[in-house]
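These notes are about the structure you will find just below.
Every value quoted in this text rests on a predicted model; they were computed, and no experiment measured them. Count residues from 1 along the sequence.
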Amino acid sequence: MRDTRGVVVGMTLVLPLLALLASRAVAETDVGVPIHPKAITSSVVHQSGKGEGTEWVQVNFTTHAPYEQVIRFYREKTGRNVQISHLESGKLLNTLILYAKKPQDQININISSQVGKKATQVEISRNRVPE
């Protein structure tokens, strides 16, 4: 009985970790860039669909990493061929990174945070025309 309980407890701890690693790997494959390493696992939402000759994937999540750190992370992951726009209002910070591996495969990374708040929201979307 004692060994069974240990196995159940071990599986209870290991399965969520495996699910986290799998979801991050799937997201990176689907959207073309990794999920931020400090993403709150329970906040990751993955959506996808097809329409009018394109396929789209969207991943949303929240992280407790500072806004500027999240921007730096995605700038490093996307390289040089990007367009970046910043918007700052009195209450909201927002950065949009547009990245295209090729014209038929476009990735948008929208990073936002409220001024004075610790949480940063990220939305990564990818539109592509299948080959």
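Take K91 and apply the salt bridge (Lys or Arg N to Asp or Glu O under 4.0 Å) test, not counting sequence neighbours, and it matches no residue. For the side chain to side chain contact (heavy atoms under 4.5 Å, CB included) test, residues two or more places apart in sequence or in another chain that qualify with N94 are L87, N110, S112. Every side chain to side chain contact (heavy atoms under 4.5 Å, CB included) that L98 has, sequence neighbours left out, goes to Q83, L96, N108. Legend: residues meeting side chain to side chain contact (heavy atoms under 4.5 Å, CB included) with L93, ordered by chain and number and at least two apart, are Y67, E88, V115. For T54, the side chain to side chain contact (heavy atoms under 4.5 Å, CB included) criterion is met by V129, not counting sequence neighbours.
Between the side chain of S125 and the backbone N or O of Q58, no donor-acceptor pair lies under 3.5 Å. Listed for the T63 side chain is a donor-acceptor partner under 3.5 Å among the backbone atoms of K38. In this structure, T120 contributes its side chain and A65 its backbone to a donor-acceptor pair below 3.5 Å.
Within the 4.5 Å cutoff, side-chain heavy atoms of R128 are placed close to those of E55.
Two different hydrophobic clusters hold W56 and F61 under the rule that ILVMFWY side chains link at heavy-atom gaps under 4.5 Å. Following chains of ILVMFWY side-chain contacts shorter than 4.5 Å, one cannot reach V122 starting from L92, and the two form parts of different hydrophobic clusters.
Remark: of the listed residues V59, V31, I35, V59 is the sole one forming a side-chain contact (heavy atoms from CB on, under 4.5 Å) with H46.
The minimum heavy-atom distance between P130 and G53, with the atom names listed, is CD-O, 3.5 Å. Of all heavy-atom pairs spanning R126 and G32, the tightest one is NH1-N, 3.7 Å.
Interatomic distance, NZ of K118 versus NE2 of H64, reported as 9.0 Å (0.5 Å rounding). We find the CD1-CD1 distance between I109 and I124 to be 5.5 Å, quoted to the nearest 0.5 Å. To the nearest 0.5 angstrom, Q121 atom CD is 4.5 Å from T62 atom OG1.
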Run the side-chain donor-acceptor check on residues 69-77: report pairs under 3.5 Å with partners two or more places apart or on a different chain.
| unit_1 | atom_1 | unit_2 | atom_2 | d |
| --- | --- | --- | --- | --- |
| Y74 | OH | P34 | O | 2.8 |
| Y74 | OH | H36 | N | 3.0 |
| R75 | NH1 | G79 | O | 3.1 |

